[in-house]
2 protein chains.
Amino acid sequence: MRMMRRKTRARNPAAGPAKLRILDAAEERFARNGFYGVSVRDITEAAGVDVALVSYHFGGKRELFAAVFQRRAQTLNAERLALLEQVRRQALPGTPAIEEIVNAFTFPLLERSARGGPGWKSYFALIAQVNNSPEWGPVLMTEHFDPLVERFIAVLREALPDCDPREIYWGYQFLTGALTLTFAETGRIDKLSGGLCRSSDLDSVHARLARYVAAGFRALCAYAKPAGVKPATGTARPRQRAAKPRSPSPSPGRRARRRTSPERRR
Amino acid sequence: MRMMRRKTRARNPAAGPAKLRILDAAEERFARNGFYGVSVRDITEAAGVDVALVSYHFGGKRELFAAVFQRRAQTLNAERLALLEQVRRQALPGTPAIEEIVNAFTFPLLERSARGGPGWKSYFALIAQVNNSPEWGPVLMTEHFDPLVERFIAVLREALPDCDPREIYWGYQFLTGALTLTFAETGRIDKLSGGLCRSSDLDSVHARLARYVAAGFRALCAYAKPAGVKPATGTARPRQRAAKPRSPSPSPGRRARRRTSPERRR
DNA sequence: CCGATTATTCAACAAATGTTGAAGTAAATT
DNA sequence: AATTTACTTCAACATTTGTTGAATAATCGG
């Protein structure tokens, strides 16, 4: 029974169980072209496997997509949660620095994307797309990551006790946006910077993101601290003049562009 | 000739030229389900128009997608550029505040998404997806927005003369990520905050994003200022310990998945 | 009013889509 | 060894996909 371990079937020139090969192939393809941009035949051919196996092992294409998304989520969340609690405990003098909290949130992701192998890289690229999709984002992201995010935000609130919770939620949203675009690795910053920065250089992101975000959090909270003040207008600095530009030239707000039927929902 | 103005054709129950109706319908659908998630029949049926008109007016589905993306880009860039130069000019004493520069970059977008009508809203949701897509992002975003972005970054560098340019490019990447996720309006922050924040509340974003991002820029630049120091390791605070978790478990890094042909367009 | 250009419709195309059921084969269980 | 279970293959299915060409209708320049 143990002798011929490989080549259990005629195909399978190099790899393990078909179910996993499908998951790996699907992960890569979905990450590149999205759910609708990939056919089950694309996936099964890349995996060197029969088409019917997707339905057999997962039930269908949608379920495969969900399985791909789910596979690595547990691992990540456990790791991030452990790191978060550790940071919280090891903060001896007072509460931990915002940087460390943010780092506990982002580092496990950046580390796996950088050195976890191509599967992890694809996985995060997939997350980058899902997170910005009105179709998939609210479903998949919420389902798999909300518990951790809630804990993360709770720790942030603990570390910023004087801060209006709304500022923290917005700050978290900005953080997530910056993080997920990082995972997309579109190479756009490479071109913009003339090669000075590479979007694949996640170590550089790790060296900067937490600092950037922490400063952002503090700025929001510092502004929102005076309880009664509604921070809903103006740009930023207290001493600011002509900060808010006059309404954008052909301000679409009031008049303009209502002639034929430029905007009709469906 | 002027008499029967409406009902130029049998169909067209309420609207103008078919080409525009196709653009509008395509904009909305593409924004919701992406390029592959929408069929030309979805679009033409939503527009109340024959299927063949897509090929006739645009040449094909891909060209329609490009046309949708292109349509509003010029308008936006002109407006943003004007605002940027105005901010730069009106900064009397010294250079303009970072907040004002960032605001010139983001405000025209936020304003149109908030009050430009459903077409603009869809357009930005589409941008949110395209920007995080490794397939479309490098092509479309670069093509339509890079000139403006380069100018924007140039002004930032002017305002932060002591700062290593790399910090500015990274800061810009984080800004773009935060901004594009905002445009997705997935409603995730609504659920997370228990209704305290709404992702559709772009005024709240406008009130916070520039401040958040400006603080981030300053934090990055302050750190990178000492010329010789390479800011590429560690989290943030000098005193940090046990941040790096043990190596990820079943690294699929080496082997796996390079068999057939990794990239085949249909 | 006429010819020409433009716009739209209709029907059909080949190719690709996700899924299924029957048949086949290997492994595990008895 | 016989039987059950788990996995894989093959061929086919009904739809849906994007695109096209010929025919029809509207618009416009004269």
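In what follows, every chain begins at residue 1, and chains take the letters A, B, ... in the order their sequences are listed.
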Compare side-chain N and O positions of A/Ser39 against OP1 and OP2 of C/dA16 and report whether any pair is under 4.0 Å apart.
->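 Indeed not, no polar side-chain atom of A/Ser39 lies that close.
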Looking at B/His57, does any N or O in its side chain come under 4.0 Å of the phosphate oxygens OP1/OP2 on C/dT8?
->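 Answer is yes, contact under 4.0 Å.
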Tell me the interatomic distance from [X], atom [atom1], to [N], atom [atom2], rounded to whole angstroms.
X       : N      : atom1 : atom2 : result
A/Lys19 : D/dT8  : NZ    : P     : 11 Å
A/Tyr56 : C/dT19 : OH    : C1'   : 16 Å
B/Phe58 : D/dG18 : CZ    : C1'   : 15 Å
A/Glu45 : C/dA16 : CD    : C1'   : 11 Å
A/Phe65 : C/dT17 : CZ    : P     : 17 Å
B/Leu53 : C/dT6  : CG    : P     : 16 Å
A/Arg62 : C/dT17 : CZ    : P     : 16 Å
B/Asp42 : D/dT19 : CG    : P     : 14 Å

Of all residues at least two apart in sequence or in a different chain, which pass the ring-ring contact (aromatic ring centres under 6.0 Å, His included) check with A/Phe65?
->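 If we apply the ring-ring contact (aromatic ring centres under 6.0 Å, His included) test to A/Phe65, skipping adjacent residues, the hits are A/Phe30, A/Phe35, A/Trp136.
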Lys/Arg N to Asp/Glu carboxylate O, B/Asp203 vs B/Arg115, below 4.0 Å =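 Here B/Asp203 pairs with B/Arg115 in a salt bridge, since their nearest N and O are under 4.0 Å apart.
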Less than 4.0 Å between a side-chain N and a carboxylate O, is that true for B/Asp50 and B/Arg41?
->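 No.
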Does B/Leu110 offer a backbone N or O that forms a donor-acceptor pair with the side chain of B/Ser113 under 3.5 Å?
->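 It does not hold such a pair.
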Hey, is the main chain of A/Ala128 close enough, under 3.5 Å, to the side chain of B/Asn132 for a donor-acceptor pair?
->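 Such a contact is found between B/Asn132 side chain and A/Ala128 backbone.
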For DNA chain D, the dot-bracket notation using Watson-Crick and G-U wobble pairs below 3.5 Å, [ ] for pseudoknot-type crossings and | for other-strand pairs, is ||||||||||||||||||||||||||||..
What about the rings of A/Tyr172 and A/Phe105, do their centers lie closer together than 6.0 Å?
->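 Between A/Phe105 and A/Tyr172, which both carry aromatic rings, the centre distance is below 6.0 Å.
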By side chain to side chain donor-acceptor pair (under 3.5 Å), which residues pair with B/Asp201, not counting sequence neighbours?
->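 B/Asp201 satisfies side chain to side chain donor-acceptor pair (under 3.5 Å) with B/Ser204 only.
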Does A/Tyr36 have any side chain to side chain donor-acceptor pair (under 3.5 Å) partners at least two apart in sequence or in another chain, and if so, which?
->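 Testing A/Tyr36 for side chain to side chain donor-acceptor pair (under 3.5 Å), a comparison that skips the adjacent residues, returns A/Glu135.
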Sorted by first residue and then second, give each salt bridge (Lys or Arg N to Asp or Glu O under 4.0 Å) pair with at least one member in residues 176-189 of chain B; sequence neighbours left out.
->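 Non-adjacent pairs meeting salt bridge (Lys or Arg N to Asp or Glu O under 4.0 Å): A/Asp146-B/Arg188, B/Lys121-B/Glu185.
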Output one line per pair: protein atom, nucleotide atom from nucleotides 11-15 of chain C, and distance, for all N/O pairs under 3.5 Å.
{"from": "C/dA12", "atom 1": "N6", "to": "B/Arg41", "atom 2": "NH2", "distance (Å)": "3.4"}

